[in-house]
Amino acid sequence: MPDKNKIGYRPTWAEVNLDNLEHNFKKIRSLLRPKTKTMVTVKADAYGHGLIPVSKRLVASGVDFLGVASIDEGIKLRKAGIKTPILVLGLTLKKDIQPLFDFCLTPTVCDEDFASALDRRAGRLNKRLAVHIKVDTGMGRIGVLHEDAFALVKKIHKLKSVIIEGIFTHFPFADLNRKFTDFQIHLFNKLVAELKKSGIIIPLVHAANSIGLIDYKDSHFTMVRPGLVIYGLHPKEGLEINLKPVLSLKTRVIFIKQVPAGYGISYGHAYITRRLTRIVTLPIGYGDGYPRNLSNLARVLIGGRRLCISGRICMDQIMVDVGRQKPKVGDEVVLIGRQGKQKITVEELAALSGTIPYEIVCGLGSRIPRIYTP
Ligand SMILES: *Cc1c(COP(=O)(O)O)cnc(C)c1O
């Protein structure tokens, strides 16, 4: 039971089970060769689960690297006392490189210009800076085009104060297109081999996101980079891997009343009662990141039953026709997670909402307090 002092005066909260996080991390690690290192991506507030508590538990569980999107996320980790190596997966403007040195963050490098700026700054500070080079083998996002990668690495290798610690690439559809992903792995392997032949050995070679890690054993290289599976979420259906969901989303009945048949509920009266019934109001809405397009569609768990949301989801409130059930004000309601024998998964909400599990958890707003168990 969450401590009321922690969640404030609106009984809506997310529970983050750090034991389950650790379970998933260990499960995933058991799929790797013993020497393969793990970077877990904790960008976007650890996929909505809370950057600091999640990262601390991962560090305690033996994660080798943390992956963030920006310098700002990296600084938050350092200020929380985390000493683990941190890779900034996204790019940084040249004018903003100083914190990389101040907070010991590892940048991603995709071109010579940026690498030289890092080298000059490092030289001036009398420091050396480890970098990871991003290679585009088919994602079409940041990264040096694979055919230009060899030349770029050679140039960066010659810089005095920049050390190439890692090289990495990313898969755009490992879940859907085996042939394309295999070809990316082939291109990346070839590049690493050519570099090796010319005397450049890069210790950290990484490519695999969650789906790559599970479905493509030859994509593990010397480090893997999962995010989603560590949070117990499935990048596609039918994966035979025992993951435990980490996040539950809960609220409490804040109001209940009886209304007659033919009564319109919420904006636009998109739901009309068919009979004399009871309508419950819940203190959560799209202002919390619960998708509005789940109106009249998603279920919530009340009294151990799956009941459909009735009418449009409002910014701060959601209504549910509970029929003959008589929940009391204060009863717990589950929007994501388990209640009795029933459960509602992030994957289920994502499918109904026409999106991916990532967007559901990342979207949960800062208005929802995260309560950590244990
Ligand atoms: C977010 C991210 C990952 C992790 O992806 P998942 O699908 O969550 O496992 C890996 N690599 C990069 C570059 C990323 O941005």
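In this chain, numbering begins with 1 at the start of the sequence shown. Predicted model, so just to flag it, every value in this text is computed and none were measured. In each ligand, atom 1 is the first atom listed, and ligand 1 is the first ligand listed.
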Looking only at distances, can you tell me whether any N or O atom of [X], backbone or side chain, sits closer than 3.5 Å to an N or O atom of ligand 1?
X      : value
Tyr47  : yes
Phe168 : no
Leu89  : no

### Query
Side chain, backbone, both or neither: which part of Thr41 has a heavy atom under 4.0 Å from ligand 1?
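Only the side chain of Thr41 comes within reach of ligand 1.
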### Message
Does only the side chain of Arg225 get under 4.0 Å from ligand 1, or the backbone, or both, or neither? Count heavy atoms.
### Response
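Answer for Arg225: both.
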### Task
Inspect the surroundings of CZ in Arg278 and state if more than 12 heavy atoms from other residues, nucleotides or ligands are less than 6.0 Å away.
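Enclosed: over 12 neighbouring heavy atoms sit under 6.0 Å from CZ of Arg278.
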### Task
Count the heavy atoms belonging to other residues, nucleotides or ligands that lie under 6.0 Å from CZ of Phe173, then report whether that count exceeds 12.
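Atom CZ in Phe173 is crowded, with more than 12 foreign heavy atoms closer than 6.0 Å.
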### Task
Anything under 30° is parallel, anything over 60° is perpendicular, the rest tilted; go ahead and classify Phe188 against Phe221.
perpendicular
Mark up the atoms of ligand 1 that fall under 4.0 Å of a heavy atom belonging to [X], in ascending order.
X      : result
Gly227 : 4 (C), 6 (P), 8 (O), 9 (O)
Lys43  : 1 (C), 2 (C), 3 (C), 14 (C), 15 (O)
Leu228 : 6 (P), 8 (O), 9 (O)

### Task
For Pro226 and ligand 1, answer yes if some heavy atom of the residue is under 4.0 Å from a ligand atom, otherwise no.
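Heavy atoms of Pro226 do come under 4.0 Å of ligand 1.
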### Message
Suppose we call two aromatic rings close when their centres sit under 6.0 Å apart. Are His206 and His132 close by that rule?
### Response
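Ring centroids of His206 and His132 are less than 6.0 Å from each other.
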#### Entry: Salt-bridge contact Asp321-Arg274 (side-chain N to carboxylate O under 4.0 Å)
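Between Arg274 and Asp321 there is no salt bridge, as every charged N stays at least 4.0 Å from the carboxylate O atoms.
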### Task
For Ser219 and Gly212, indicate whether the former's side chain and the latter's backbone hold a donor-acceptor pair under 3.5 Å.
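Checking the backbone N and O of Gly212 against the side chain of Ser219, a donor-acceptor pair under 3.5 Å is found.
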### Message
Treating Asn296 as the side-chain partner and Gly311 as the backbone partner, does any N or O pair qualify as donor plus acceptor under 3.5 Å?
### Response
yes
Who's the nearest protein heavy-atom neighbour of [atom], and how far?
atom                    : result
atom 9 (O) of ligand 1  : Ser210 OG, 2.5 Å
atom 7 (O) of ligand 1  : Tyr358 OH, 2.5 Å
atom 13 (C) of ligand 1 : His170 ND1, 3.7 Å

### Task
Apply the salt bridge (charged side-chain N to carboxylate O under 4.0 Å, His left out) test between Asp19 and each candidate in Arg57, Lys26, Lys244; give the one that qualifies.
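So, applying the salt bridge (charged side-chain N to carboxylate O under 4.0 Å, His left out) to Asp19 and each of Arg57, Lys26, Lys244, only Arg57 qualifies.
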